[in-house]
Amino acid sequence: MSTTNLNKDERIEKIINLILQYNVGDYSKRETVSDKGDELDAIIIGLNTLGEEAQDSGRQIKNYEKRVASIMEVLLKYTLFDFSQKAEVSEAGDELDAVAIGLNTLAEELVASHEAEHKQLENFKEANHFLDTILDNIPNVVFVKDVKELKYLRINKAGEKLMNLSNEALIGKTNFDLFPKAQAEELTAKDREALKNEGITDIPEELVETLTGFRWLHTKKMAIVENGKPVYLLGISEDITERKKTEQALKDSEKRLRLLIEGVKDYAIFMIDPNGNILNWNTGAETIKGYKAEEVIGKNISIFYPKEDVEKGKPRKNLEMAKLNGRFEDEDWRVKKDGTKFWADVIFTALYNEKNELTGYSKITRDVTEKKMAEEKVK
């Protein structure tokens with residue numbers, strides 16, 4: 001039997017739902033703010049702002065990485081005199097776009113130069129000069145080493161800035177001249193491995209110590225081969241320190257959100273997958289239902305329903321109503337671990353990703369047995 005909804009501030013539910021979605025890495029949802037201007041409104045505003053910042057940071061990181069990857073891939077091909085691919089140019093109109101446009105122009109000029117053999121050498125020299133200019137201004141570190149002693153033969157301005165050393169101080173030096181011994185040994189081992197490999201050796205993350213402090217780099221290396229033998233080692237490194245800081249900030253935010261959910265004692269708050277299986281468990285859920293997390297995670301929510309409701313398919317119907325309407329609220333009897341029943345106010349909320357695909361549900365339960373008994377007594 002259904003009764004009148006609880007006299008509760010709906011903004012608490014909005015805050016909990018925002019926290020739940022942010023907890024699974026979905027920062028697309030926003031909630032409206034009331035006219036009260038109190039602490040609950042301040043929490044909603046803060047969570048909306050957190051969502052906007054996290055979502056915007058994620059988009060910026062993905063877009064920047066994609067553009068840098070395009071330039072790195074094209075640059076590696078140009079080094080092998082393959083000018084068939086063009087670098088991606090965005091609408092940002094920033095330094096990366098200037099580099100991409102420069103590389104594309106270089107490719108067009110070199111391809112055109114092949115049509116006139118008598119000008120080929122002159123054009124090639126000009127193109128090399130242009131390539132040198134691009135290498136010196138590209139935001140990623142580009143370096144070339146010999147294969148015998150792994151000395152730096154060429155490094156661009158981004159490398160000078162990263163190392164806080166001049167070109168003259170870097171050329172002719174090895175890793176052992178520039179880094180602590182343990183780190184130099186590790187970097188040299190990776191260089192030797194790249195020379196043995198065919199194609200590009202991708203090192204997603206490596207922490208290096210420079211004169212300006214520790215920096216995180218994403219490095220790609222490949223051997224330049226002539227007559228079947230490596231003659232140079234080419235490397236391109238992207239400084240991803242700021243991205244790592246952003247990722248850590250997001251992890252810290254998610255950790256705070258998880259702690260906030262786990263600390264709620266008056267509400268059972270947990271996530272379930274599209275099939276109704278439990279994914280996590282908070283302190284309130286343990287208090288209200290009597291189960292510990294390890295006893296319920298992976299099990300279906302039907303364990304909380306009376307036997308007659310399970311036979312009628314009520315757990316599945318509740319999820320279908322939430323999926324159809326986005327949200328479903330129900331008041332009815334539920335069962336604790338020890339078999340006793342309690343009158344529960346339950347809210348299901350369907351959760352979707354950026355592709356509008358159902359990823360699961362949030363479920364919020366409150367024990368309102370005392371309220372139910374008082375109402376029955378009045379009746």
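Numbers here are sequence positions counted from 1. Note that the structure is predicted; figures quoted are calculated from it, not measured.
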- prompt: Listed by chain and number, what are the side-chain hydrogen bond (donor to acceptor under 3.5 Å, both in side chains) partners of N300, not counting sequence neighbours?
  reply: N277, S302
- prompt: To which residues is V335 joined in a hydrophobic cluster, defined by side-chain heavy-atom contacts under 4.5 Å among Ile, Leu, Val, Met, Phe, Trp and Tyr, whether direct or through other members?
  reply: none
query: Hey, are W216 and E206 close enough side-chain-wise for a donor-acceptor pair under 3.5 Å?
result: no
- prompt: With no hydrogens and no angle check, do the side chains of T188 and N175 hold a donor and an acceptor under 3.5 Å apart?
  reply: yes
message: Taking M222's backbone N and O only, do any of them form a donor-acceptor pair with T201's side chain (distance below 3.5 Å, no angle check)?
response: no
task: Mind running salt bridge (Lys or Arg N to Asp or Glu O under 4.0 Å) on K341 and E308 for me, showing each step along the way?
output: CA-CA 13 Å; K341 293 183 178 180; E308 58 271 20; 3.6 Å; yes
- prompt: Under 3.5 Å, side chain of N325 to main-chain N/O of M321, donor-acceptor pair present?
  reply: yes
statement: Closest non-hydrogen atoms of W333 and D309, given as atom of the first, atom of the second and distance, are O-OD2, 4.4 Å
message: Under a 4.0 Å threshold between the charged nitrogen and the carboxylate oxygen, would K314 count as salt-bridged to D332?
response: yes
query: Residues two or more places apart in sequence or in another chain: which of them pass salt bridge (charged side-chain N to carboxylate O under 4.0 Å, His left out) with R316?
result: E320
task: In plain terms, say whether K196 and E193 are close enough for a salt bridge, that is, a side-chain N and a carboxylate O under 4.0 Å apart.
output: no
- prompt: Are I236 and V147 grouped together when hydrophobic residues (ILVMFWY) are joined by side-chain heavy atoms under 4.5 angstrom apart?
  reply: no
- request: Give the intermediate values and the outcome of side chain to side chain contact (heavy atoms under 4.5 Å, CB included) for residues I240 and E238.
  value: CA-CA 6 Å; I240 58 172; E238 176 191 359; 3.7 Å; yes
task: Please determine if K371 and D367 form a salt bridge, counting it only when a charged side-chain N lies under 4.0 Å from a carboxylate O.
output: no
query: Quick one: are L233 and I224 in side-chain contact, heavy atoms under 4.5 Å?
result: no
field: Nearest heavy atoms of P230 and A223, plus distance in Å
entry: CB-CB, 3.9 Å
message: According to ring pair (Phe, Tyr, Trp, His ring centres under 6.0 Å), does anything in residues 178-203 pair up with another residue at least two apart or in another chain? List the pairs.
response: none
message: Strictly distance-based, threshold 3.5 Å: is any side-chain N or O of E329 a donor or acceptor partner for the main-chain N or O of D345?
response: no
- prompt: Any donor-acceptor pair under 3.5 Å linking the side chain of W281 with the backbone of Y291?
  reply: yes
- prompt: What residue among L279, L351, L319 forms side chain to side chain contact (heavy atoms under 4.5 Å, CB included) with I272?
  reply: L319
message: Tell me whether F348 shares a hydrophobic cluster with V296, the cluster being built from Ile, Leu, Val, Met, Phe, Trp, Tyr side chains joined at under 4.5 Å.
response: yes
message: Under the criterion side chain to side chain contact (heavy atoms under 4.5 Å, CB included), I'd like the reasoning laid out for L358 against K323: C-alpha separation, chi angles, the key distance, then a yes or no.
response: CA-CA 8 Å; L358 180 70; K323 181 179 179 180; 4.0 Å; yes
ring-ring contact (aromatic ring centres under 6.0 Å, His included) partners for F143, two or more places apart: Y152
- request: Please round to the nearest 0.5 Å and tell me the distance separating atom CE of M163 and atom OG1 of T210.
  value: 6.5 Å
query: Does one hydrophobic cluster hold both I171 and V231, with members joined at side-chain heavy-atom distances below 4.5 Å?
result: no
query: Could you walk me through whether V310 and K312 pass the side chain to side chain contact (heavy atoms under 4.5 Å, CB included) check?
result: CA-CA 5 Å; V310 176; K312 294 176 183 178; over 6 Å; no
field: R11 versus S34, side-chain donor and acceptor atoms under 3.5 Å
entry: yes
field: Main-chain N/O of T212 paired to N164 side chain as donor or acceptor, under 3.5 Å
entry: no
message: Return the CG to CG distance between L165 and L170, rounded to the nearest 0.5 Å.
response: 5.0 Å
- line: By ring-ring contact (aromatic ring centres under 6.0 Å, His included), Y305 pairs with (sequence neighbours left out) none
- prompt: Does the side chain of E149 come under 3.5 Å of the side chain of T174 through a donor N or O and an acceptor N or O?
  reply: no
- prompt: D338: what forms a side-chain hydrogen bond (donor to acceptor under 3.5 Å, both in side chains) with it, not counting sequence neighbours?
  reply: T340
- prompt: In the single-linkage hydrophobic clustering (I, L, V, M, F, W, Y; side-chain heavy atoms under 4.5 Å), do L178 and L217 co-cluster?
  reply: yes
message: Can you tell whether the side chains of E375 and K377 come within less than 4.0 Å, N to carboxylate O?
response: no
Any donor-acceptor N/O pair, D146 side chain to K151 backbone, under 3.5 Å: yes
- prompt: Quick one: side-chain hydrogen bond (donor to acceptor under 3.5 Å, both in side chains) partners of K244, sequence neighbours excluded?
  reply: E205
message: Is it true that R327 and T349 share a donor-acceptor pair across their side chains at a distance under 3.5 Å?
response: no
task: Using salt bridge (charged side-chain N to carboxylate O under 4.0 Å, His left out) as the criterion, list what pairs up with K161, not counting sequence neighbours.
output: none
query: Just checking, is any N or O donor in the side chain of H218 or D239 under 3.5 Å from an acceptor N or O on the other one?
result: no
message: Tell me if the CD atom of E198 is crowded by more than 12 foreign heavy atoms within 6.0 Å.
response: no
task: Report the distance from atom CD of E13 to atom OG of S362, rounding to the nearest 0.5 Å.
output: 8.5 Å
- prompt: Partners of D191 by salt bridge (charged side-chain N to carboxylate O under 4.0 Å, His left out), sequence neighbours excluded?
  reply: K145, K221
- prompt: Where the side chain of N156 meets the backbone of N140, is there a donor-acceptor pair that is under 3.5 Å apart?
  reply: yes
query: Between atom CH2 of W343 and atom CZ of R334, what is the distance when rounded to the nearest 0.5 Å?
result: 9.0 Å
message: Given the ring of F304, does K289 sit roughly above its face, with NZ or CZ under 6.0 Å from the centre of the six-membered ring and within 45° of the axis?
response: yes
query: Side chains of K363 and V346: closer than 4.5 Å at any heavy-atom pair?
result: yes
statement: Applying salt bridge (charged side-chain N to carboxylate O under 4.0 Å, His left out) to K317 and not counting sequence neighbours gives none
query: Same cluster or not: are I278 and I288 linked, directly or through other Ile, Leu, Val, Met, Phe, Trp or Tyr residues, by side-chain heavy atoms under 4.5 angstrom apart?
result: no
- request: Enter the distance from L207:CG to F214:CZ here, rounded to the nearest 0.5 Å.
  value: 6.0 Å
- line: Those residues at least two apart in sequence (or on a different chain) that pass side-chain hydrogen bond (donor to acceptor under 3.5 Å, both in side chains) with K337 are E295
Side chain to side chain contact (heavy atoms under 4.5 Å, CB included) between L150 and L195, intermediate numbers included: CA-CA 10 Å; L150 291 175; L195 288 172; 4.1 Å; yes
- prompt: Any chance the side chains of E160 and N167 put a donor and an acceptor closer than 3.5 Å?
  reply: yes
- prompt: Which atoms form the tightest heavy-atom contact between Y361 and D273, and what is the distance?
  reply: CD1-O, 3.8 Å
message: Counting C-beta onward and ignoring hydrogens, is there a side-chain heavy-atom pair between L187 and E185 closer than 4.5 Å?
response: no
